[in-house]
Protein chains: 2
Amino acid sequence: MGIFSKTCEYAMRSVFFIAHRTSDGKKVGIKEISLGIDSPEHFLAKILQSLSKQDIVKSAKGPNGGFYMDEANLKRPLADVVKAIDGRKIFTGCGLGLSYCSEINPCPLHNDFKIIREKITKMLEETSIENFNENLNLGITSLKK
Amino acid sequence: MGIFSKTCEYAMRSVFFIAHRTSDGKKVGIKEISLGIDSPEHFLAKILQSLSKQDIVKSAKGPNGGFYMDEANLKRPLADVVKAIDGRKIFTGCGLGLSYCSEINPCPLHNDFKIIREKITKMLEETSIENFNENLNLGITSLKK
DNA sequence: ATAATAAAAGATATTTTTATCTTTTATTAT
DNA sequence: ATAATAAAAGATAAAAATATCTTTTATTAT
Ligand code: FES
Ligand code: FES
């Protein structure tokens, strides 16, 4: 386990992939996405169902259907994807697992940890999916292996 | 799930607790530790067995036995506890879950994420357990609730 | 030696996360 | 209308993480 759950890792990779692959206005199917980000197809389907319900991505059934994102979706911060899957713990939780983090009853890690949490929050809140994707579009960054 | 697994959270809390409670040279039993850090007793026993084997803490069986730490144990960085339980993923792993993080094949998060990873590493490597515990000894920080 | 103590070790159970497979529903093209 | 397509939904399974309970071993005090 890293910072994010595996489910959340798949979610972020798929969102980047969809954004990248549908910039031409077309849609992309689950099979292609799961191949492109190296994830189990049916598990990813569940994740995308959830992201779709939460309006992180859009979907269309039937022939020529698939997943895509509109302008508003692309402008959302990556934080929204993380919140949709892993919840808010990474943004507000105690590093030692105390039931809530507070200045009044801080754990030994608190002073150092809150700074790190702020940096993570900043990274995820202040950059849009679109933005993270710029280098991917330029072929500089990768989503596989 | 936060940054660390629940097991790792218990491990860190227990190490702080033991360090704090045995500074007078006495030992502390599992029951007292689990009460003190609010963790399941038998689960914590397993964790401490593992930490003991890896020489993060010391233990003694029989009457007046229990867990304690020597000077060398206290001087170890908290990173050693994390490595002993959660492994090295948090220190070196890719934020998006790619099988390895690299400058040559970076993911879209890489540039931001590596800085955060460095800060986490710094926090865990550069401060000893003893050090983190100073405020606990002064009654400023907490391990419960 | 014996009994009491406390961790170590072993076995089992529960819960959560991750993964797979099948059926249904909506949409499109013929 | 019908067949083909693709996501949604539902059901089930496997694996990993977390939790509990029992037995064994080492140590100490009597
Ligand atoms: S109380 Fe633990 S991080 Fe704030
Ligand atoms: S490649 Fe993803 S964090 Fe470095």
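As the structure is a computational prediction, the values presented were derived from the model and not from experiment. Lettering of chains follows the sequences in order, A, B, ..., and the numbering in each one begins at 1.
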Subject >> Between P of dA19(C) and CD1 of I37(A), the distance in whole Å >> reply: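 For the pair I37(A) CD1 and dA19(C) P, the rounded distance is 11 Å.
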
Can you see if the side chain of [X] gets near the phosphate of [N] - specifically, an N or O under 4.0 Å from OP1 or OP2?
{"X": "K6(A)", "N": "dA19(C)", "result": "yes"}
{"X": "Y10(B)", "N": "dT18(D)", "result": "no"}
{"X": "S59(A)", "N": "dA8(D)", "result": "yes"}
{"X": "S52(A)", "N": "dA7(D)", "result": "no"}
{"X": "K27(B)", "N": "dA7(C)", "result": "no"}
{"X": "S5(A)", "N": "dT17(C)", "result": "no"}
{"X": "N64(B)", "N": "dT27(D)", "result": "no"}
{"X": "T7(A)", "N": "dT17(C)", "result": "no"}

Subject >> DNA chain D: 5'-proximal contact among K31(A) and L44(B) (nearest heavy atom) >> reply: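 Nearest nucleotide further toward 5': that of K31(A).
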
**OP:** Find which nucleotide of DNA chain D each of E41(B) and G62(A) is nearest to by heavy atoms, and output the residue with the more 5' nucleotide.
**Re:**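 By nearest-heavy-atom nucleotide position, the 5'-most residue is G62(A).
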
Is [X] touching bases, backbone alone, or none of the nucleic acid, heavy atoms closer than 4.0 Å?
{"X": "A45(B)", "value": "nothing"}
{"X": "L48(A)", "value": "nothing"}
{"X": "K53(A)", "value": "sugar-phosphate"}

Taking only the side-chain heavy atoms of [X] (C-beta and beyond), determine which of [options] contains the nearest atom.
{"X": "K61(B)", "options": "dT5(C), dA7(C), dA19(D)", "answer": "dA7(C)"}
{"X": "F67(B)", "options": "dT28(D), dA7(C), dT27(C)", "answer": "dA7(C)"}
{"X": "Q49(B)", "options": "dA4(C), dA9(C), dA6(D)", "answer": "dA9(C)"}
{"X": "F43(A)", "options": "dT27(C), dA8(C), dA19(C)", "answer": "dA19(C)"}

Original post:
Hey, are E9(A) and S5(A) close enough side-chain-wise for a donor-acceptor pair under 3.5 Å?
Top reply: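 Distance-only check fails for S5(A) and E9(A).
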
Subject >> L48(A), N133(A), I129(A) screened by side chain to side chain contact (heavy atoms under 4.5 Å, CB included) with I18(A), the one that passes >> reply: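 Only one option passes, and that is L48(A).
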
Original post:
Quick one: which of V81(A), L143(A), I37(A), T7(A) gives a side chain to side chain contact (heavy atoms under 4.5 Å, CB included) with M12(A)?
Top reply: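 Filter result, single survivor: V81(A).
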
Original post:
Does E71(A) pair with R76(A) as a salt bridge, N-O distance under 4.0 Å?
Top reply: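 No, E71(A) and R76(A) are not salt-bridged.
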
Original post:
Between E118(A) and K119(B), does a salt bridge (charged side-chain N to carboxylate O under 4.0 Å, His left out) hold up when you go through it step by step?
Top reply: CA-CA 12 Å; E118(A) 275 161 20; K119(B) 304 238 183 255; over 6 Å; no

**OP:** Please assess K58(B) against D70(B) for the test salt bridge (charged side-chain N to carboxylate O under 4.0 Å, His left out), listing each intermediate value before the final yes or no.
**Re:** CA-CA 7 Å; K58(B) 301 238 180 296; D70(B) 67 12; 3.6 Å; yes

**OP:** Take the C1' atoms of the five end pairs on each side of the helix from dA1(C)-dT30(D) to dT30(C)-dA1(D), derive the two axes, and give their angle rounded to 10 degrees.
**Re:**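 The value is 0°.
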
Original post:
Tell me, do K83(A) and I90(A) make a side-chain contact under 4.5 Å, heavy atoms counted?
Top reply: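 Contact flag for K83(A)/I90(A) side chains = no.
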
**OP:** Give the ring-plane orientation class for F113(B) versus F4(A), where under 30° counts as parallel, over 60° as perpendicular and anything between as tilted.
**Re:**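 If you compare the ring of F113(B) with that of F4(A), the planes turn out tilted.
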
